[in-house]
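Quantities reported herein were computed from a predicted structural model and do not represent experimental measurements.
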Amino acid sequence: MSNRVRCACRRCTIRGLMGPAVIITVGVLFLLDQMSGGNFSFGNTYPMILIVIGIISLAAAAASSEGHVSGTMPPQTPMAPPAAPQNQFPGQGQG
């Protein structure tokens with residue numbers, strides 16, 4: 001289990017869209033490459049990936065970071081070790 005705290009500020013929310021946006025862009029570019037006769041080959045359209053990354057980075061930089069949470073949660077206090085099991089049958093000793 002992770003101690004990481006998930007931030008819900010606008011800046012972190014927008015940055016969380018970076019991966020899905022890049023994957024969708026690559027998929028659309030490959031689809032255009034397959035559907036067209038060569039006008040939209042991946043070799044000609046790959047700069048769109050950089051444009052999408054730049055747009056999301058600009059949007060994240062311009063977004064408010066109000067309510068931003070960073071770091072990890074403080075460690076929990078250790079619990080006392082469990083007590084030794086009680087003998088259910090008196091007179092039989094520890095077994």
Side-chain angles (χ1 to χ4, degrees):
M1 182 178 244
S2 175
N3 288 341
R4 187 166 174 237
V5 177
R6 184 169 172 89
C7 182
C9 74
R10 284 186 173 257
R11 181 173 292 177
C12 293
T13 302
I14 292 172
R15 284 189 184 207
L17 297 174
M18 180 77 73
V22 169
I23 290 173
I24 290 171
T25 303
V26 169
V28 168
L29 293 178
F30 278 124
L31 179 67
L32 285 173
D33 186 26
Q34 293 297 314
M35 299 291 285
S36 68
N39 296 335
F40 293 109
S41 69
F42 187 76
N44 294 332
T45 58
Y46 77 90
M48 286 300 296
I49 297 171
L50 301 176
I51 292 170
V52 168
I53 290 171
I55 289 171
I56 292 177
S57 296
L58 282 173
S64 170
S65 62
E66 182 177 336
H68 180 71
V69 178
S70 63
T72 59
M73 292 176 28
Q76 297 179 355
T77 56
M79 298 179 69
Q86 297 286 332
N87 188 357
Q88 294 179 357
F89 305 105
Q92 299 296 321
Q94 294 285 358

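Shown here for L29 and F42, the closest heavy-atom pair between the two residues is CB-CD1, 3.8 Å.
A continuous path of ILVMFWY side-chain contacts below 4.5 Å connects I51 to I53, so both sit in one hydrophobic cluster. A single hydrophobic cluster is not seen to contain both L32 and V52; linkage of ILVMFWY side chains at heavy-atom distances under 4.5 Å, directly or through other members, places them apart.
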N/O donor to acceptor pairs below 3.5 angstrom from side-chain atoms of residues 11-26, sequence neighbours left out:
from: R11; atom 1: NE; to: A60; atom 2: O; distance (Å): 3.1
from: R11; atom 1: NH2; to: A61; atom 2: O; distance (Å): 3.3
from: R11; atom 1: NH2; to: A63; atom 2: O; distance (Å): 3.2
from: T13; atom 1: OG1; to: C9; atom 2: O; distance (Å): 2.8
from: T25; atom 1: OG1; to: A21; atom 2: O; distance (Å): 2.7

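Take Y46 and apply the ring pair (Phe, Tyr, Trp, His ring centres under 6.0 Å) test, not counting sequence neighbours, and it matches no residue.
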